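Keep in mind the model is a prediction, meaning the values are calculated, not measured. Side chains are part of it too, since the values below use all heavy atoms of this structure and drop only hydrogens, waters and symmetry mates.
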Amino acid sequence: MCGIVGAVSAKDSIAFLLEGLSTLEYRGYDSAGLAVINHGLQRARAKGRVAELAARVEQQALSGTIGIAHTRWATHGVPAERNAHPHISAGLAVVHNGIIENYEALREQLQALGYVFTSDTDTETIAHLIQACFKGEIGEPAENLFSAVQCAVKHLTGAFALAVVSEEEPDGLVVAREGSPLMLGITEEGHYAASDASALLSVTQQMMYLENGDVARLTRDAVVVVDAVGQPVKRDIVTSHLSANAVELGEFNHYMQKEMFEQPQALGNTLEMLSGAGQLHPGIFGADAQGVFEQVDSVLILACGTSSYAGMTAKYWIEQVAGIPCNVEIASEYRYRVSVPNPNQLGVVISQSGETADTLAALQHAKTLGHTHTLAICNVPESAIVRETALRFITRAGPEIGVASTKAFTTQLSALFLLTLLLAKGKQRLLEADEKAYLDELRHLPIAVEKVLALEPSIQAWSQQFANKHHALFLGRGRHFPVALEGALKLKEISYIHAEAYPAGELKHGPLALVDAEMPVVVVAPNDEMLEKLKANMQEVSARGGQLYVFADGDSKVRSTDGVKVLAMPEHYGLLSPVLHVVSLQLLSYHVALVKGTDVDKPRNLAKSVTVE
């Protein structure tokens, strides 16, 4: 969840390192630091944001053509300068993303060798371990930094991406990865490293993606890569289709705002293959998809956080339209329980980044149980999860920088609806007329979302009434219950208001005890088969003096009264209604956070890409 950048350049690297950290700050912003080689090793660190580090760098007048930098999301040790990366061991500096599971045992071993620790982190262990390998205190003395890092990573258990520099070798840097993402930027003037492609776009679109176990040495003129067993390997250089302006704010105040309003375009891009199509083809999920969809007898969805709510919504679709069982598992729990494997099941993993550690581990566990039919729904084509599945669908949401997911979620929903239709088609359950109608609805979806975004002024007016609240309830029924869950998550993520979501029918089984005039109750009320039941649940709230905020379809016949505020959605959208309703809840959480003055894009204690367990 931390961000790494590194540079071996023909010119001063400070500007690139700081710009790269700013781009990666969504991955962690508890502290930041950098180290450069310039007549020795020079380091600057600061608690807080990258801006604090930039001021420190200016004070110290640092410069250097070779450097590494890091922005931290705290795992081991509180946010403090002493715990900020890079960590140093006698002229050698390391930045690290991930978690070293055996660091305590290594720390004891290194302390016995005389190494002194000044931080609470697992990363400092890596710095001293590389130094011990260099000196031959662990294993044979290393010939150079490259071989010392190769030695050290063999002793590490866990997930990591590393970048290392040493004043002993002022012509390059060494990187390594296992589990955590790391890629290289290739140019004629030098070579670069980062944990996300977005940090490299200011210098190049030519990328080299390292595989698990790879260790690489970067100099101005060359990149040398060895695999986990030390054999030289060549990794393909690919051209990234991202552009630098895709990760710039432009006219917007926050990335979350920008990304909410990019949803029509993101959906249009994701569903581009439907333009002019008269029918769906399984090949959009991979060359072998048709045979797989015809064989599978059920679906297992593995995901975390917002992506798990996308999976929960899909469960309603898949069981209703395709007529096959669907189970949704929280990825962080799945591999720690005894489950019943089914080789005829389609295992679907959902991740915005494709590097979500828990989801990747759950996928690998499922494969060991015999699940060979695997499918990734992901926003990053080069990611680890995409590379490890048999089938894949790449959502085209573009870079999502705000920690609170918006366009990644709605594009995931659109992909899962496509999957639903193709599973139904594979089971001979999709009539030709229904397929055409669903395709028309999907093609119209970007326009429908634009209409919801036009409701922003009315939703903004509601936000003032949430600003002094400490708790909120969200209610939904059927396929809109996951939407209520997502709405509650958004509100607590960025406004810090405690929010919970329930199926509305569960009110009388406990949550109703919380309802009073100080507890706003947000209701997702589409005009579907559950509407009359939902109205009865709303009456239960009103009878206890609760304040209702209802997002209702225009034809739902839900009226505003004392204690009931109603916002009419532009149109009822059938099975795809969750896509529209969640956009209204995104807007609500955003504007509540603005009123409360919280950091919308970088909420406390959170980071965007969860690459540690």
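With a 4.5 Å cut-off on side-chain heavy atoms, Leu210 and Met183 do not count as touching. The closest side-chain heavy-atom distance from Glu211 to Arg387 is below 4.5 Å. Glu259 places a side-chain heavy atom less than 4.5 Å from the side chain of Ile401.
Ser308 places a side-chain N or O within 3.5 Å of a backbone atom of Gly305 that can act as its donor or acceptor partner.
Interatomic distance, Asn97 CG to Asp196 CG, rounded to the nearest 0.5 Å: 10.5 Å. Taking OG1 of Thr187 as the reference point, atom CZ of Arg220 lies at 9.5 Å (rounded to 0.5 Å).
Surrounding NZ of Lys154 are at most 12 heavy atoms belonging to other residues, nucleotides or ligands under 6.0 Å away. For Glu58, the CD atom counts as loosely surrounded, since its 6.0 Å shell holds 12 or fewer non-hydrogen atoms of other residues, nucleotides or ligands. The environment of Lys47 atom NZ is sparse: at most 12 non-hydrogen atoms of other residues, nucleotides or ligands sit within 6.0 angstrom.
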Discussion item. Could you go through Met208 and Val223, starting from their C-alpha distance and side-chain angles, then the distance that decides it, and tell me whether this counts as side chain to side chain contact (heavy atoms under 4.5 Å, CB included)?
Written reply: CA-CA 10 Å; Met208 179 185 294; Val223 172; 4.2 Å; yes
Worksheet item: What do the steps show when you test Thr219 against Asp221 for side-chain hydrogen bond (donor to acceptor under 3.5 Å, both in side chains), and what is the final call?
Response: CA-CA 5 Å; Thr219 60; Asp221 302 321; 5.6 Å; no
Discussion item. As a quick check of understanding, evaluate side-chain hydrogen bond (donor to acceptor under 3.5 Å, both in side chains) for Gln586 and Thr406, giving each step before the final call.
Written reply: CA-CA 7 Å; Gln586 294 169 355; Thr406 52; 5.1 Å; no
Worksheet item: What do the steps show when you test Arg107 against Glu104 for salt bridge (Lys or Arg N to Asp or Glu O under 4.0 Å), and what is the final call?
Response: CA-CA 5 Å; Arg107 187 182 182 113; Glu104 291 179 327; over 6 Å; no
Worksheet item: So Ser307 and Gln412, side-chain hydrogen bond (donor to acceptor under 3.5 Å, both in side chains) or not? Walk me through it.
Response: CA-CA 8 Å; Ser307 295; Gln412 286 171 355; 3.1 Å; yes
Discussion item. Quick one, Ile88 with Leu92, criterion side chain to side chain contact (heavy atoms under 4.5 Å, CB included). Give me CA distance, side-chain angles, the key distance, then yes/no.
Written reply: CA-CA 5 Å; Ile88 286 178; Leu92 176 154; over 6 Å; no
Worksheet item: For Asp122 and Thr125, what are the C-alpha separation, side-chain angles and deciding distance, and is it a side-chain hydrogen bond (donor to acceptor under 3.5 Å, both in side chains)?
Response: CA-CA 6 Å; Asp122 54 343; Thr125 304; over 6 Å; no
Item to complete: Quick one: do Val5 and Thr23 satisfy side chain to side chain contact (heavy atoms under 4.5 Å, CB included)? Show the steps, please.
Response: CA-CA 10 Å; Val5 287; Thr23 302; over 6 Å; no
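Residue pairs meeting the salt bridge (charged side-chain N to carboxylate O under 4.0 Å, His left out) criterion with at least one partner in residues 156-171, sequence neighbours excluded, are Glu169-Arg217, Asp171-Arg217.
The aromatic rings of Tyr590 and His254 sit perpendicular, their planes meeting at an angle over 60°, well past the 30° parallel limit. Using a 30° and 60° split on the angle between ring planes, Phe117 and His128 fall in the perpendicular class, above 60°.
A salt bridge does not link Asp358 to Arg335: none of the charged nitrogens lies less than 4.0 Å from a carboxylate oxygen. Under 4.0 Å is where a charged nitrogen must lie from a carboxylate oxygen, and between Glu52 and Arg56 no such pair does. Salt bridge annotation for Arg337-Glu333: absent, with no cationic side-chain nitrogen under 4.0 angstrom from a carboxylate oxygen.
No hydrogens or angles considered: a donor-acceptor pair under 3.5 Å links the side chains of Ser63 and Asn38. Checked by atom type, the side-chain pair Ser405/Thr306 shows no donor-acceptor distance below 3.5 Å.
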